[in-house]
Asker: 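Following this message is one structure expressed as structure tokens.
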Amino acid sequence: MARYIVRRVLQMVLAFFGTTLLVYWLMFAASGDPIAALAGERPLSESTRAALIQEFHLDQPFLVQYAYYMKGLLTLDLGVNTSGREIGELVASAWPWTLRLALLAFVFVVVAGIALGVIAGTRRGGAFDNTTLVLTLVVISIPVFVIGQVLALVGARYDLFPTNVVGDDSLAALIVPALVLGSLSLATTVRLARTSVTENLRADYVRTARAKGLIHRRIVGVHVLRNSLIPVITFLGVELGSLMGGAIVTEKIFNVPGIGFQLYKAISIEDGPTVVTIVSLLVIVYLVMNLIVDVLYGVLDPRIRYE
Amino acid sequence: MGRHSAPEADDAAAAQTGEPLLQVDDLHVEFRTGDGVAHVINGVSFDLRAGETLAVLGESGSGKSVTAQAVMGILDTPPGHVTRGAIRFHGEDMLRMSGTRRRQIRGKRIAMIFQDALSALNPVFTVGWQITETLRKREGMSKKDADERAVELMDLVRIPAARDRLKSFPHQFSGGMRQRVMIAMSLAERPEIIIADEPTTALDVTVQAQIMDLLGDLRRELGTALILITHDMGVVADVADRIAVMYAGRIVEHADVHSLYRNPAHPYTIGLLDSIPRLDDKGKRLRTIPGLPPNLTAIPSGCPFHPRCPFAQDICVTRVPPNMDLGGGRRSECHFADRIVTGELTRPDQEDE
Ligand SMILES: Nc1ncnc2c1ncn2[C@@H]1O[C@H](COP(=O)(O)OP(=O)(O)O)[C@@H](O)[C@H]1O
Ligand code: SF4
Ligand SMILES: [Mg+2]
């Protein structure tokens, strides 16, 4: 187990440097003039230009620039963006929003996803099951930005719920965005849980549990559920990683000033340092979540052996 | 006849007075599926006395497992339905009991062992947890006491280093050890009857013999009655007292082990005996029963075995054979049973060889 984790962490480190190097390169080296890339549309004075060259070590070879940048990132000195704002500050103010939105969406996905999936799975072929299948298929086939836009429009039009989260600190304002953000995960979770429960209900160990004279509730709630949740929890772990970073569309639609929103803004004003920093952070979050999921998988399923 | 308050103490008496522990009477089970109604069990009757071992023998698909499931009350319903008959435990028909009462018998007083212990045990719980589950949940034992009992049970079924293995998972055992875990689990609440459905089919030959020995010893030591289901005639001879031979959802022959081996009274039994590999006829071609078991949605008229039977006459196609009493507790459902058992009628194709 320990060896496995060490190996996975090494893989993670490689994946991290690989991804960030790529993003860094796309942002700074791929364009002809990195200064122009950094500054975007703004005209620059000679002194600002010199300061930027100094700040980003642009007089050095590319790999050295990247190394300086990584050193800053890993020592939590995230540097400043093109308009001179501390990126660390920006992230610190945006992150809590994203975190709250993601966790709210996640709670919603976990609770509703597992409950609906288990109910549908135990009543396979029934009205509830069929309705669930159709509804989840609808959600899966409509892109999130469409669901989000429509809800935002309807909400604003009839004043049903806040559609502009900026300036509203209440958790209530985040409910609809969280539903939108979690909708796809929810639909997938429901289907996954349903299939898993259905399959496990047919397993031989269920017959054994029945032959032991256990009550039905215990057979489903303990024997079947514990097995059915293995793939579901694995999926949910990975989803939590993407929910934390994948909120660009939702945060944009509902004006949630989170990481995704900041990333969107940074991309549109071509603020290279911010983009690279945020993407690097998201990569770290995603990789760590994946590691946790893999380890969790082994805890949940004793048959998994780590080599 | 009232309920037995202390079944273990009463069993010896029951055996003497001839009160059967379990009486299956004219059981009918059908499966209703998209392809029609499969008549899987068509009038099965047998008795089981305390401490006795009854082997149920028959080709795959003859309805052995379904009979066991009906007795346990774990038939998949739908599609399976008991349409007629009674299953009496200590004289009381379990088919007419409340679900709760039935569940108190299931696993506690009648327990079951399944064929493939790897899939029959839950992969994500430790064997200790699984063995103690009913002790903790139904008997209200503390975890500590239940664990002690589990160690006792694992010792009883001869799992080495039992205490250290409580926390192991099923996949960490060999096939034979896993089947021992299954047996230990079935013994947890000291059942009066154990139904073992092909308990050795998934195992190597040497391990098969060990498990059969273990079952034989356990039933001698504990006095548990055993229904041993198998399609392998070779495994039952040493363990069983009586044998019920099943074909197409009926018990076609019923006899004590020795009589059945010496003078089979049904052509199907003769076919099964002829298909046991023997040391002394090395080189000789094994005779297998020609043809296939019948389609249970369209069972042949008359005697269901007639399309495959070397003894068949015209009457076999038109008339259902009676359940012929041959004396000495022997029964056979064949028009010519009385002449087959005496050897007066022999296999018509026998003379050629
Ligand atoms: N759950 C089920 N659904 C439909 N048919 C079944 C089911 N269980 C058993 N059967 C049918 O019952 C017949 C007897 O099965 P079984 O009792 O398992 O035979 P065996 O003697 O090999 O144990 C088979 O033909 C099988 O198709
Ligand atoms: S009744 Fe006829 S067909 Fe059936 S077993 Fe006897 S001889 Fe064969
Ligand atoms: Mg079977």
Side-chain angles (χ1 to χ4, degrees), chain A residues 1 114 118 121-127 129 192-193 196-237 293-307, chain B residues 65 68-69 71-78 99-127 129-139 167-172 178 181-182 185-186 188-189 191 194-197 202:
Chain A
M1 186 73 165
I114 293 179
V118 169
T122 51
R123 304 186 185 167
R124 190 153 168 270
D129 182 33
L192 191 62
S196 187
V197 165
T198 315
E199 273 169 16
N200 275 286
L201 278 173
R202 276 199 292 262
D204 283 354
Y205 68 77
V206 172
R207 202 186 44 193
T208 311
R210 286 166 66 202
K212 282 167 123 177
L214 303 174
I215 54 173
H216 185 69
R217 192 156 20 95
R218 183 172 174 86
I219 297 173
V220 174
V222 176
H223 286 255
V224 171
L225 193 62
R226 177 67 178 69
N227 279 279
S228 308
L229 286 185
I230 295 171
V232 177
I233 291 181
T234 310
F235 171 77
L236 287 174
V293 165
D294 276 1
V295 172
L296 196 65
Y297 193 50
V299 173
L300 288 173
D301 188 344
R303 286 163 299 184
I304 303 292
R305 285 275 70 86
Y306 294 110
E307 301 299 307
Chain B
S65 298
Q69 285 161 18
V71 171
M72 288 302 291
I74 57 168
L75 209 56
D76 292 323
T77 309
T100 315
R101 285 245 308 127
R102 186 104 199 253
R103 209 173 45 241
Q104 277 152 10
I105 296 173
R106 187 184 306 149
K108 181 183 167 84
R109 304 181 68 188
I110 308 180
M112 186 154 174
I113 300 169
F114 296 95
Q115 176 177 333
D116 180 4
L118 182 58
S119 59
L121 291 169
N122 194 320
V124 301
F125 294 110
T126 63
V127 300
W129 188 93
Q130 297 187 58
I131 293 173
T132 58
E133 184 175 18
T134 51
L135 296 172
R136 288 177 284 118
K137 294 299 152 190
R138 183 154 49 194
E139 306 295 316
K167 293 248 167 339
S168 300
F169 290 93
H171 72 273
Q172 294 167 321
R178 216 152 34 218
V181 169
M182 188 89 221
M185 191 164 87
S186 73
E189 292 174 281
I194 292 181
I195 304 178
D197 189 355

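Model, not experiment: these values are computed from the prediction. Just so it is clear, the values below take in all heavy atoms, side chains as well, and ignore hydrogens, waters and symmetry mates. Each chain gets a letter, A, B and so on, in the order its sequence line appears, and its residues count up from 1.
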Asker: List the atom of A:Thr208, the atom of B:Met185, and the distance in Å for their closest heavy-atom pair.
Answerer: CG2-CE, 3.5 Å
Asker: Of the listed residues (B:Lys108, B:Arg102, B:Arg106), which shares the most heavy-atom pairs with chain A below a 4.5 Å separation?
Answerer: B:Arg106
Asker: Side-chain contact test, heavy atoms from C-beta onward, threshold under 4.5 Å: evaluate it for B:Gln115 versus A:Asp204 and give yes or no.
Answerer: no
Asker: Testing the basics here: between A:Arg226 and B:Phe125, what is the closest heavy-atom pair and its distance to 0.1 Å?
Answerer: CG-CZ, 3.6 Å
Asker: Does the pair A:Arg202/B:Asp76 count as a salt bridge with the N-to-O cut at 4.0 Å?
Answerer: no
Asker: Where does A:Leu300 contact chain B at under 4.5 Å (heavy atoms): side chain, backbone, both or neither?
Answerer: backbone
Asker: Please classify the contact between B:Leu121 and chain A as side chain, backbone, both or neither, with a heavy-atom cut-off of under 4.5 Å.
Answerer: backbone
Asker: Can you name the nearest heavy-atom pair linking A:Val222 to B:Trp129, along with the distance?
Answerer: CG1-CH2, 3.8 Å
Asker: Closest heavy-atom contact between A:Pro302 and B:Val124?
Answerer: CG-CA, 3.7 Å
Asker: Quick one: which of B:Gln69, B:Arg103, B:Met112 has the most heavy-atom pairs under 4.5 Å with chain A, could you say?
Answerer: B:Arg103
Asker: Taking salt bridge (charged side-chain N to carboxylate O under 4.0 Å, His left out) as the definition, give me every residue that meets it alongside A:Asp301, ordered by chain and number, with sequence neighbours left out.
Answerer: A:Arg303
Asker: Using heavy-atom distances under 4.5 Å, tell me whether A:Ala211 contacts chain B through its side chain, its backbone, both, or neither.
Answerer: both
Asker: Rounded to the nearest 0.5 Å, what separates atom NZ in A:Lys212 from atom CD in B:Gln130?
Answerer: 5.5 Å
Asker: Looking only at non-hydrogen atoms, find the nearest pair between B:Pro123 and A:Asn227 and report the distance.
Answerer: CG-OD1, 3.4 Å
Asker: Based on non-hydrogen pairs under 4.5 Å, which of B:Lys137, B:Gln104, B:Arg138, B:Glu133 is most in contact with chain A?
Answerer: B:Glu133
Asker: Heavy-atom cut-off 4.5 Å, strictly under: side chain, backbone, both or neither for B:Ala111 against chain A?
Answerer: neither
